[in-house]
Amino acid sequence: MAQDNSRTPYRHPQPKESPPELVIAAAIPADERVWVPQAENVWFRPLCLCASRGYWMNLLRVRKSGVLSRHRHPQPVHGYVIKGRWRYLEHDWVAEEGGYVYEAPGETHTLVVDEDVEEMITLFQVNGVMLYVDPDGAVLGYEDVFTKIDLCRKHYAAIGLGADFVDQFIR
Ligand code: FE
């Protein structure tokens with residue numbers, strides 16, 4: 001008679017090249033110090049800083065209305081709005097709480113949080129690089145997973161969690 005093995009764990013080791021999984025119990029952290037300041041009233045919370053693949057997963061939190069950044073994505077971005085609402089000046093749709101957004105490669109757009117939004121939190125997966133640009137597309141600066149890691153290290157060192165606090169998020 002065939003045995004029911006539906007609850008039998010996989011019996012073999014994981015591939016040795018496979019990095020350890022990353023589990024964060026509270027993506028929105030209880031400890032305020034985990035949020036890394038990025039600009040005035042703008043923070044990010046690292047979740048997975050994938051140095052080996054060149055992308056990052058983070059929560060972006062904004063507590064100020066206004067224009068945040070004009071940027072270009074050479075690669076796709078995925079977003080899930082956890083709280084609040086935001087939009088791009090270049091599009092007529094609004095990213096609402098509970099919504100999902102796919103940002104296509106090649107897009108240049110300007111993120112705006114409207115005045116009646118007290119707090120916006122969005123989970124973003126950003127691949128490759130974010131290029132900050134002027135209205136004509138001239139590059140003013142950039143972010144990638146390595147500048148993100150660097151910002152985390154400096155913040156966690158300064159705030160007393162230690163520069164190596166960021167290491168748990170790196171894969
Ligand atoms: Fe974008």
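All figures in this text were calculated on a predicted structure; none of them were measured in a lab. In listed order, ligands and their atoms are each counted from 1.
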Side-chain contact, heavy-atom cut-off 4.5 Å: Lys148 with Asn58? yes
Are Tyr88 and Trp93 near enough that their ring centres are under 6.0 Å apart? yes
In the protein, N/O/S atoms that are found under 2.8 Å from the Fe ion (ligand 1), waters not counted: His71 NE2, His73 NE2, Tyr88 OH, Glu103 OE1, His109 NE2
Scan the side chains in residues 9-20 for donor-acceptor partners under 3.5 Å anywhere in the protein, sequence neighbours excluded, and list what turns up.
none

Which distance, rounded to the nearest 0.5 Å, do you find between the CD1 of Ile121 and the CD1 of Ile28? 4.5 Å
Throw together a table of side-chain donor-acceptor distances under 3.5 angstrom for residues 151-163, partners on residues two or more places apart or in other chains.
unit_1, atom_1, unit_2, atom_2, d
Arg153, NH1, Asp167, OD1, 3.0
Lys154, NZ, Asp150, OD2, 2.8
His155, NE2, Arg33, O, 2.8
His155, NE2, Trp35, O, 3.0
Tyr156, OH, Val34, O, 2.6

Tell me the salt bridge (charged side-chain N to carboxylate O under 4.0 Å, His left out) pairs involving residues 55-82, sequence neighbours left out? Glu32-Arg61, Arg63-Glu119
